[in-house]
Amino acid sequence: MASAIQSLESYAEGFAGFEKEAAGRELPWLRSLRQSGFARFSEVGFPTLHDEDWRFTNLAPIAQTQFRLARNGHALPPATRIAPLFLPGAACMLVFVDGRFARGLSSLGALPRGVTVASLASELTKNPAAVEPHLGRYLNIQRDPFCALNTAFMEDGAFIHIAKDVAVEGPIQLLFISAAHDFPAVSYPRNLIVVEESAQATIVEEYVSSSGGKAFCNTATELVAGDNSVVSHYMIEREDAEALNVSTLRIQQGRSADIASHSVLIGGALVRNNVHPALTGEGGECLINGLFVGGDRQHLDNYMLVEHASPHCGSRQFYNGILAGHAHGVFHGRIIVHKDAQKTDAKQTNRNLLLSDTAQIDTKPQLEIYADDVKCTHGATIGQIEENALFYLRSRGIDEVSARQLLLMAFANECLDRMKEGPARAHVESLIHEYVAGVTGSPSSHAPEAAVGEVK
Amino acid sequence: MSVLEIKNLHVRVDGNEILKGVNLRLDAGQVHSIMGPNGSGKSTLAQVLARRESYDVTQGEVLFDGKDLLAMKPEDAACEGLFLAFQYPVEIPGVSNAYFLRSAVNAVRKYRGQDEMDAMDFLPKLREKMKLLEMDEKFLNRSVNEAFSGGEKKRNEILQMAVLEPKLAILDETDSGLDIDALKVVANGVNAMRSPDRAFLVVTHYQRLLNYIVPDRVHVLVNGRIVRSGGPELALQLEESGYASVGSAAGAA
Amino acid sequence: MSSNTDTIRELAQQEYKWGFVTNIEQESAPRGLNEDIIRFISAKKDEPEFMLEWRLRAYRHWASLEKAQAEPKWANVHYDPIDYQDIIYYSAPKQKPNLKSLDEIDPEIRRTYEKLGIPLAEQKMLAGVAVDAVFDSVSVATTFKAKLAEAGVIFCSFSEAVREHPELVKKYLGSVVPYTDNFFAALNAAVFSDGSFCYVPKSVKCPMELSTYFRINAAETGQFERTLIVADEGASVSYLEGCTAPIRDTNQLHAAVVELVALDNAQIKYSTVQNWYPGDKNGKGGIYNFVTKRGKCAGRNSKISWTQVETGSAITWKYPSCILQGDNSVGEFYSVALTNNFQQADTGTKMIHIGKNTRSTIVSKGISAGHGQNTYRGMVRILKNAEGARNYTQCDSLLIGDKCGAHTFPYIEVKNSTARMEHEASTSKIGEDQLFYIRQRGLKTEDAVSMVVNGFCKRVFRELPMEFAVEAQKLLSVSLEGSVG
């Protein structure tokens, strides 16, 4: 544990330096947010297996490494490597390297009137009044030390504002690149997305690595969905095999807002994906859809906290996991129905496929219901590829590898089918196709656990 | 000529007076919209007209097609041709949409002394309406509203309206939670049903709907009373300056 | 809501329709239980020595359990202690034995069955259902015997089977539910007076649905019937069981045992509509229904499917189970259990996976109304060698009103890592919202209630043979429309 304490000290040093030069340091409200975030983190440190919310995830790779803030002084990846990552059909793409906005790599395009897409750092400098009412108002730094840490170090990321009644056609793509460093680097992207009444948008957050090296990305997004708004949010994690990624999506939903959160985790060594919608207005609907696919020794932990705080809201959680090799998947599905949230309809389903004897899944539903007229269902399955189905396909002339791929794609398609047709879904679909082919192995390899985790 | 005539309607829910003297007259062939802030009594009015019995009418009178609506049970009002598109459509697991709709159509036919329709006659009619609302065939066999998204539920309400062909359709926030494409589909469905012998009462929270379903009259309901009535331009004015601007003004339908 | 409530109240006050008493002379054993009573029953039935021995062994086992006060108490039901010495263990209509034809049945009994709507007379048997009717404790008549005999199917009363097919009875009796299994199974083995026996030989598909109708008539009588169904290799059979009882204000005990054996590639479908007298509105009277039902999928690719609609009895304590011994064998349990007024039900199933690639499905729908208490208790056990075993469990509860209760106790034991388990559970309330919505579309309250309930039970009803499904729906509408609001 000595190194964990050392690492806490290094965070304190890092914070002292950061505070002095960070964008918006002159804003008292921001200063106080950062300080309270750091104070909370210093108080509790990193969670351990004794914390109920973390009991299946060993954080030693994060807690015992001395990360340094990757702020300046590294070469940006060449634009020629970034251009192909632009999502066809996207309204714009913002690129962040180690959490900092890279204007030269981004393409802002022509956005409709009423749409603001900018870097948070520049917004804090130029127009803090647009940020202040929302930034840090929803993320719970008391519950989660990573949220506290992100809040302490928040500076840059995306700021998106969609005005009332405006519908943005193409997805707004946010690309986060962990760059190569000769030291363990940490970054804290922080995004604020505000969608006003009856507005409509699709946001894609995508995390990739530009090359190897141990990197820790602790990211947080606050999504404020106004009354009657319609928002789709995608979180795509496909960093490399050494990456550590902890992300939190905090959704604040207004009356009749219809929100979909889609998470696709295929990369990273240790990944924790927190999704926390709070349905705070009557008649809100929330879809929480996810697919995690892991191999080798990947650890993919999904923590859902769905909070029903108003009557007549619906939430539907569907998470599918595919685990090969020694991969370890976790699904926590926590639903809290507050006393006044009558007529809540909450559904949760977690389905998992284990492709090897050494792969592991822990699934834990947790329902806390304080209202008396609600409908809550949960279901979990753990299984293998069905030998009968495999045999059936092979008896029709399909080779074993292709047959496995077919069955895995069918399983993954359950998640894809819940995404609205469009560029974002098409993108996810092609990523998954490619990745599933990797998990099932090349035609020469019959071992399902081969060739996992290399995402370029 | 009036399909609906509401006179000095007072309603209590759980002991609280929600409607405090509503007056409104709606003629055949017309579309009226009721707008108002949260808690103004819009949904209460819609539910009371559909005869929700736990809502206590303490004063007033409502004539539906010249008959005493307040004396009717919900199923009688429905059979007389009053349809409510619910703000929160209810799930009925294990009962298919097709079966539910046919049961409803036959209940109405029976009430009117007509023969019941069998599945062979009914399905083609249903399919035609579904096409209008761009609904997939698989809706027919799915349980009523079960595992439907918010948008699907609202579309299903409009489908039921299209099949039941009511004299008076009350739409309670049918636009809430819809994305722009679904909103257009729903509005088209409603517009296709506008006819000289049918009236609509469109209750909404958001002005946006009225860009697609243009009403003949707009009524503003604040704190249990209609405080202002006017043409479609009133909706735009509200959009500009909010309910506060009309809140104090006196006025009636 | 007021008129909803009124209609429902009216419906709730509907009387138990099957509650008439038949006046016929009964021949009964003296009250109480001892070895002499066992001998009396065995003698009355003219049983061979092996049966008497078996009964006596069972009785001694039961007596030791009773002495040790080992009557099971773990079920989530509450009742006053049963005085086992205050029950009449044998009661038979007094009439000459060995009927030559159906016309010889006591006309009084015939009328009873007609009131029940049982197609006893052969001319009424167009539905193609062969009926073995058990009146109190003895089997009164078996119809369609000839047609079944032609196919090689043996379907007769248990007493007759003991006399005519002792080798089959000896081989299979107690092979699935040994008398040592539990307190009530021991009691049943000691005193069972009759029941049904069915044997379907190799590769025979039983040409018609077989049916037994049980009716408890005499006061203070226990009914302890025993059913044994054996489907030999490649055979299949579908069996229906229906039950009613007259209204009496004391509680009557029903402790039956059902054993099913399916050999290689055999299939048995066992459907029950249980409508014993549930007691009155205040919880007085009614049947204690303590039943042990178990099937053994002994052979490869065999299948046993239980479907039950439980609307009656004051207390139901029943877990139709499957032992999935043969590789690739399949066990199913589909259940609707309804408790209204002061009824209590603790029911569910056990699926024991022993063979490879064994599969089980459990669909349980509990409906609680009034002060009813409904418990689902299910166990899925996957043993060490059950490679590739699969289970799907769906367990839903519907609450009507706010004085009833639904409880779920799933037990899962998995000893093989290749097992695949799925579990879904939900609890919902039938409420004003649902009824108002349906009524707003033009349907009357009672139609709305039955629409909601039948929708809830659909997945189970569609497992029932057609004519039974219709009966079950009607039964539910009557017993159910108890107490909304």
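In what follows, chains are A, B, ... by sequence order, proteins preceding strands, each numbered from 1.
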With B:Q30 via side-chain contact (heavy atoms from CB on, under 4.5 Å) - residues at least two apart:
B:L26, B:D27, B:H32, B:D216

Residues at least two apart in sequence or cross-chain that pass salt bridge (charged side-chain N to carboxylate O under 4.0 Å, His left out) with B:E157, listed by chain then number, are C:R441

Can you tell me how far NZ of A:K347 sits from CD of B:E146, rounded to the nearest 0.5 angstrom?
7.5 Å

Whether over 12 other heavy atoms sit under 6.0 Å from B:D136 CG:
yes

Toward chain B, the part of A:K164 with a non-hydrogen atom under 4.5 Å:
side chain

If you count heavy atoms of other groups shown closer than 6.0 angstrom to CD of A:E169, is the number above 12?
no

What residues of residues 249-262 of chain A sit under 4.5 Å from chain B when only non-hydrogen atoms are counted?
A:R255, A:S256, A:D258

Side chain proximity check, A:D227 to B:Y206, heavy atoms < 4.5 angstrom:
yes

A:R137: which residues meet the salt bridge (charged side-chain N to carboxylate O under 4.0 Å, His left out) condition with it, sequence neighbours left out?
none

Going by heavy atoms in the side chains, are B:N38 and A:E282 under 4.5 Å from each other?
no

Test your reading of the model: is there a side-chain donor-acceptor pair from A:Q200 to the backbone of B:I180, 3.5 Å cut-off?
yes

Whether over 12 other heavy atoms sit under 6.0 Å from B:Y99 OH:
no

Chain B heavy atoms under 4.5 Å from A:K375: which part of the residue, side chain, backbone, both or neither?
side chain

Side chains of A:D165 and B:E239: does their closest heavy-atom pair fall under 4.5 Å?
yes

So which atom in A:N228 and which in B:L178 form the shortest heavy-atom distance, rounded to 0.1 Å?
OD1-N, 4.2 Å

Below 4.5 Å, heavy atoms only, C-beta onward: do A:R316 and B:S149 meet side chain to side chain?
yes

